[in-house]
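Some notes on the structure that comes next.
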Protein chains: 2
Amino acid sequence: MIILEVIHYKTMMRDVEIEVFGGVIGLLFLVFGIWLGAKFFKKPSIDKYDADKLGLSKREIEVLELLANGYSNQEVADKLFVSLNTAKTHISNIYSKLNVKRRTQAVQKARDLALITPPKG
Amino acid sequence: MIILEVIHYKTMMRDVEIEVFGGVIGLLFLVFGIWLGAKFFKKPSIDKYDADKLGLSKREIEVLELLANGYSNQEVADKLFVSLNTAKTHISNIYSKLNVKRRTQAVQKARDLALITPPKG
DNA sequence: GACTAAATCACCCTAAAGGATGAGGAAAAA
DNA sequence: TTTTTCCTCATCCTTTAGGGTGATTTAGTC
């Protein structure tokens, strides 16, 4: 293994250099460890597969995320730079595809199916 | 620093021992890194928030649960065997106490504060 | 007993949400 | 190129949600 080879080569160095080297190696493992920790404990992103199965478009997922964050129709429209009518159309289409009748149900179903980013944490 | 002292002491060891030592040190940093990564990226476990601090009554928590399950005002009323007006009053009071303006925000906040039963698990 | 909080219900009104439908343009797929 | 999907916006209409206020009853507290 390359790293161990380098460690072996290090035996020719002076004492101060050895300590610095050890620190660098430790730092590398530390960074790698943090990366591993983040990889396995960080919240998962949206499941595009399920979204496709329900026929939800990219825009609709976007709207769904906003609904889950408590935005009103008008706020969704402002956020996406579209008219209120457009936002309402998207929302209505979402209800149809999710087979629900209200936004709270849509958000609930979206959470269950992991269609949206989970709540903060 | 203790670890660096140990690394220094290591210079008296034989080559094979050096490699093993390096692996151990790396492993320690790795574990520490994973711990760090988990600490900052893992979803924190929900501490049981004191509903009393928000002044939410038992009945209001009940209503909140129903809102989180996507019920309409009328359905909440039916579920609790009260009038629609009563349900609306409870809901309005909830909004005031949670300092929100819409039901989706109330549900969101209730989830964040673990005031209601989590969706799953 | 008086005080307080909680739960209940009512009426008024405005704002927001939702249903149905049509339609035009852009982009991708056939 | 034709078709289809998506995004966009619109109008009309109904239903639901929400804000404000006041009132009654009951249960627990001081």
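In the text below, chain A, chain B and the rest are named by the order of the sequence lines, each starting its count at 1.
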Requested in this report: Rounded to the nearest angstrom, tell me the gap between atom NZ in B/Lys101 and atom C1' in C/dA16.
Outcome: 13 Å

Requested in this report: Give the rounded distance in Å between these two atoms: CD of A/Gln74 and C1' of C/dG18.
Outcome: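 The distance from CD of A/Gln74 to C1' of C/dG18 comes to 15 Å, rounded to the nearest Å.
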
Report task. For residues A/Thr86 and A/Arg59, determine if any side-chain heavy atom of one lies less than 4.5 Å from a side-chain heavy atom of the other. Result ->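 Counting from C-beta outward, A/Thr86 and A/Arg59 never come under 4.5 Å.
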
**Report entry** Validation row: A/Asp78, A/Gln74 side chains within 4.5 angstrom (heavy atoms)
**Finding:**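 Yes, at least one pair of side-chain atoms sits under 4.5 Å.
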
Query - Residues in salt bridge (Lys or Arg N to Asp or Glu O under 4.0 Å) contact with B/Lys97, at least two apart in sequence or another chain - result: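 B/Lys97: salt bridge (Lys or Arg N to Asp or Glu O under 4.0 Å) contacts with B/Glu60.
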
Requested in this report: With sequence neighbours excluded, tell me which residues meet salt bridge (Lys or Arg N to Asp or Glu O under 4.0 Å) with A/Lys88.
Outcome: none

Query raised in the report: Which heavy-atom pair separates A/Gly70 from B/Gln108 by the least distance, and what is that distance?
Result: N-OE1, 4.2 Å

Report summary line: Nearest heavy-atom approach of B/Val76 to B/Ala87 is CG1-CB, 4.1 Å

Report task. For A/Lys79, check side chain to side chain donor-acceptor pair (under 3.5 Å) against everything at least two apart and list the hits. Result -> A/Tyr71

Query raised in the report: End-to-end bend of the helix from C/dG1-D/dC30 to C/dA30-D/dT1 (five-pair axes, 10° rounding)?
Result: 50°

**Report entry** Under-4.0 Å side-chain N/O to phosphate OP1/OP2 contact, B/Arg102 with C/dA15
**Finding:**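 Answer is no, no contact under 4.0 Å.
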
Query raised in the report: For B/Leu66 and B/Leu80, what are the C-alpha separation, side-chain angles and deciding distance, and is it a side-chain contact (heavy atoms from CB on, under 4.5 Å)?
Result: CA-CA 10 Å; B/Leu66 296 177; B/Leu80 299 181; 3.9 Å; yes

**Report entry** Verify same cluster id: B/Leu84, B/Ile91 (apolar side-chain graph, 4.5 Å)
**Finding:** no

Query - A/Val82 or A/Lys97, whichever maps to the more 5' nucleotide of DNA chain D - result: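 It is A/Lys97 whose nearest nucleotide is closer to the 5' end.
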
Query raised in the report: Taking 5' to 3' order, which nucleotide of DNA chain D is first and which is last to have an atom within less than 4.0 Å of a heavy atom in chain B?
Result: D/dA17 to D/dG19

Report task. Take B/Gln105 and B/Leu98, measure what side-chain contact (heavy atoms from CB on, under 4.5 Å) needs, and give me the verdict at the end. Result -> CA-CA 9 Å; B/Gln105 295 176 341; B/Leu98 289 184; over 6 Å; no

Report task. Mind listing the residues from residues 83-96 of chain B sitting with a heavy atom below 4.0 Å of DNA chain C? Number order is fine. Result -> B/Ser83, B/Asn85, B/Thr86, B/Thr89, B/His90

